[in-house]
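A, B, ... follow the sequence lines: proteins, then strands. Residue 1 opens every chain.
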There are 2 protein chains.
Amino acid sequence: MKAVSKSQIKRDALLKATICLVNNNGFHATPMSKIAKMANVSPATIYLYFKNKQDLANQAYIEVKSSFSNCAFKDFEPNMGVEEGFKKIWMNIATFKLKEVDHAMFLSQCDNTPMIDEESRQEGLKHLQPLIALWERGKEEGLVKPFSPFILYAFTVYPISFLLNTEMKGWCKVDKPALERAYSAAWDAIKL
Amino acid sequence: MKAVSKSQIKRDALLKATICLVNNNGFHATPMSKIAKMANVSPATIYLYFKNKQDLANQAYIEVKSSFSNCAFKDFEPNMGVEEGFKKIWMNIATFKLKEVDHAMFLSQCDNTPMIDEESRQEGLKHLQPLIALWERGKEEGLVKPFSPFILYAFTVYPISFLLNTEMKGWCKVDKPALERAYSAAWDAIKL
DNA sequence: CATTAAAAAATGAACGTTCATTCTTTTTTT
DNA sequence: AAAAAAAGAATGAACGTTCATTTTTTAATG
């Protein structure tokens, strides 16, 4: 049983409210007053936990990005076979995006708009290192195309966001078989 | 020589300013006064051309999306071979995104935030029909995996946006060889 | 355990600014 | 000279943030 301080609860409520409202209205169209209301807190209270609105967004971003990375590498061992490890990571990421829809949408918005400080964005980028290392090994072993990590990422992980978006809009359903099909596309895109 | 009316010029200047400022600051952080200033126009004048700020954004979106579609299907003939036609369209889209960076960034922001009306977004979606039809034929001819158009799009066209983003941030350079590598990943992802 | 006073946390109202939009007047075109 | 287009100033609402005050928590004392 983990002890969770009262102020940690409020902080979390504020971050959660921020994510929810920003997803629905965008960052600048989300007033602090509404964030406060959703978190059952006075507007002034926000400033006990965060320096200002920008800081609130940055911290939400970092928090979500880090929970994303935790999921991504669950049960992954660096000494796994390349394809096995890649499938594990890919499925972890897909599962995260499909289960934690709010978090995934928030990240997508942060990554495609100027709402987050460049510094915080850099911070969130570090986490992918193990995947890049895995790809490097895959190249050495002749299993993965000798492409830059950017291209490999663009054609394997990034497409998952699109599938999530279309599912969110109700345009398609991403069930287990669809996920397997998507994975096969991802692996075919980069395998030698 | 196409005759361009004076008011058309102002309208275009306003749309261009909108795209530029929204790319750099986001929609809600872009004041009408700045759009007016960049277009060399009084704030009040904007309202002669657009109903309000939202209308300005919607029209910018529709305009850019349609210019995108025009590029996408340049020199494409519906009776082309499937792989040939696909490569043509894919390269057209990639070229558009790399050349018309402002437009591409604007679309990316529109598609990943709630800044555009759902109605206008639907409007912009129609244009991809020829590509979907090509994929259908590819499936019939046993050349393309029998996947939904969403998955096919996610693993071929959508990744281009990521490469554009990383290039914009100066993290990588997308030159001709890189483009060929990316294309091969796209085709491998969906070919049977 | 009850009391209480100091400290910490939280609040609602208020402030100053910014913004989208409109109104009245001026300039340009016909 | 009438009509159309454009302008700048004005308006009212909304926002981020701060301030003065109240409420809650803490911990020391009898």
Side-chain angles (χ1 to χ4, degrees), chain A residues 3-62 106 109-110 113-117 119-120, chain B residues 3-62 106 109-110 113-117 119-120:
Chain A
V4 178
S5 75
K6 222 154 189 195
S7 59
Q8 189 57 236
I9 291 176
K10 275 203 181 154
R11 208 187 96 100
D12 286 349
L14 282 166
L15 292 174
K16 190 172 175 186
T18 302
I19 290 163
C20 173
L21 290 167
V22 167
N23 278 345
N24 286 301
N25 311 318
F27 175 60
H28 289 286
T30 300
M32 295 296 259
S33 56
K34 275 197 190 150
I35 296 174
K37 193 164 289 178
M38 182 173 265
N40 281 315
V41 138
S42 153
T45 305
I46 300 181
Y47 293 84
L48 302 175
Y49 296 87
F50 305 95
K51 196 151 67 67
N52 50 36
K53 197 184 178 187
Q54 184 64 60
D55 183 46
L56 175 56
N58 290 342
Q59 295 206 35
Y61 176 74
I62 290 175
F106 185 72
Q109 192 162 170
C110 290
T113 67
M115 69 175 264
I116 294 293
D117 287 346
E119 192 190 348
S120 303
Chain B
V4 178
S5 73
K6 224 159 187 189
S7 59
Q8 187 58 236
I9 291 176
K10 275 202 181 154
R11 207 188 97 101
D12 286 350
L14 282 166
L15 291 174
K16 190 172 176 186
T18 303
I19 291 163
C20 173
L21 290 167
V22 168
N23 277 345
N24 287 301
N25 312 318
F27 174 61
H28 289 286
T30 300
M32 295 296 260
S33 56
K34 277 196 189 153
I35 295 174
K37 191 164 290 177
M38 181 173 268
N40 280 315
V41 137
S42 152
T45 304
I46 300 180
Y47 292 86
L48 302 175
Y49 295 86
F50 304 95
K51 196 150 66 67
N52 51 37
K53 196 183 179 187
Q54 183 64 58
D55 183 47
L56 175 56
N58 290 340
Q59 295 206 33
Y61 176 74
I62 290 174
F106 184 72
Q109 192 163 169
C110 289
T113 67
M115 69 176 264
I116 295 294
D117 286 348
E119 193 190 347
S120 303

Do any side-chain nitrogens or oxygens of B:Lys10 fall under 4.0 Å of OP1 or OP2 in D:dA6? yes
Expressed in angstrom and rounded to an integer, what is the separation of B:His28 atom NE2 from D:dG16 atom P? 12 Å
Could you tell me the separation between the NZ atom of B:Lys53 and the P atom of D:dA14, rounded to a whole number of Å? 15 Å
Just how far, in rounded Å, is C1' of D:dG8 from CG of B:Asn40? 15 Å
Tell me the interatomic distance from B:Tyr47, atom OH, to D:dA7, atom P, rounded to whole angstroms. 15 Å
For the pair made of CE in A:Met32 and C1' in D:dC15, what is the distance, rounded to whole Å? 10 Å
Taking atom CD1 of B:Ile9 and atom CG of B:Leu14, what is their separation to the nearest 0.5 Å? 12.0 Å
If you find the nucleotide of DNA chain D closest to B:Ala44 and the one closest to A:Lys34, which residue's nucleotide is nearer the 5' end? B:Ala44
Work out how much the helix from C:dC1-D:dG30 to C:dT30-D:dA1 bends between its end axes, five pairs an end, to the nearest 10 degrees. 10°
Where do A:Met115 and A:Tyr61 land on the side chain to side chain contact (heavy atoms under 4.5 Å, CB included) test, with the steps shown first? CA-CA 10 Å; A:Met115 69 175 264; A:Tyr61 176 74; over 6 Å; no
Please report the interatomic distance CD1(B:Ile62) to CG(B:Leu15), rounded to the nearest 0.5 Å. 11.0 Å
Check this one for me: any side-chain N or O of B:Ser42 less than 4.0 Å away from OP1 or OP2 of D:dA6? no
Report yes if at least one side-chain N or O of A:Tyr49 is closer than 4.0 Å to OP1 or OP2 of C:dA10; otherwise report no. yes
For B:Gly26 and B:Gln109, the nearest pair of non-hydrogen atoms, with its separation, is CA-OE1, 3.3 Å
Round to a whole Å and report the spacing from CG of B:Asn25 to P of C:dT18. 15 Å
B:Phe50 CZ - C:dA20 P separation (whole Å): 15 Å
So which of B:Thr18, B:Asn52, B:Leu56 actually passes side chain to side chain contact (heavy atoms under 4.5 Å, CB included) with B:Met32? B:Leu56
Starting from P on C:dA20, measure out to CD on B:Gln54 and report it in whole angstrom. 12 Å
So which atom in B:Ala36 and which in B:Ser42 form the shortest heavy-atom distance, rounded to 0.1 Å? CB-C, 3.8 Å
Applying the side chain to side chain contact (heavy atoms under 4.5 Å, CB included) test to B:Asn25, which of B:Asn23, B:Val22, B:Leu21 qualifies? B:Leu21
